[in-house]
Amino acid sequence: MYCKNCGNQLDPNAAVCLNCGCAKNVGSNFCSNCGRPVTPGGAVCLSCGYALTPAANPDAKSKLAAGLLGILFGSLGIHNFYLGYTGKAIAQLLISVLSCFTLSFVSAIWGLVEGILILVGSINTDANGNPLKD
Ligand SMILES: [Zn+2]
Ligand SMILES: [Zn+2]
């Protein structure tokens with residue numbers, strides 16, 4: 001395999017590229033299969049046809065977890081805290097807490113709707129624009 005950052009040939013057992021110091025599978029400039037330059041963001045290598053999967057984002061939030069949190073704990077805004085939408089999360093939490101939970105159905109319905117939108121993919125990024133993972 002080849003370094004996706006600099007195109008240097010990698011020892012399959014090496015954790016990082018000895019040429020540029022990048023971790024394996026980090027970078028999108030070169031094909032990890034043939035080592036030729038590829039178009040960043042391209043789906044396949046034009047030289048060898050190898051599918052170029054985008055580097056998995058270890059910080060990607062779980063769509064299922066966020067959706068379920070919205071459905072189960074929407075009145076507390078937990079799913080929005082999880083996804084980093086802190087402003088919305090605090091609004092949902094405050095609606096519940098400041099009304100001594102008499103209005104918690106408002107944020108519960110709000111969270112329920114958002115939870116469903118997350119599960120069906122209408123909301124598919126977190127607050128930083130990172131795609132949610134399945
Ligand atoms: Zn490298
Ligand atoms: Zn290739």
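One-based numbering, in listed order, for ligands and for the atoms of each.
Angle SG (Cys20) to the Zn ion (ligand 1) to SG (Cys3): 110°, rounded to 10°. Note: angle at the Zn ion (ligand 2), from SG of Cys48 to SG of Cys31, is 110° (rounded to 10 degrees).
For the Zn ion (ligand 1), the N/O/S atoms of Cys22 include none lying under 2.8 Å.
A donor-acceptor contact under 3.5 angstrom links the side chains of Ser96 and Ser107, judged on distance only.
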Audit row: Lys4, Lys24, side chain to side chain contact (heavy atoms under 4.5 Å, CB included) steps and yes/no: CA-CA 7 Å; Lys4 290 165 79 172; Lys24 254 190 216 180; over 6 Å; no

Side chain to side chain contact (heavy atoms under 4.5 Å, CB included) evaluation trace for Trp110 with Lys88: CA-CA 10 Å; Trp110 184 2; Lys88 266 200 291 188; 4.0 Å; yes

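No side-chain donor-acceptor contact under 3.5 Å links Tyr82 to the backbone of Gly77.
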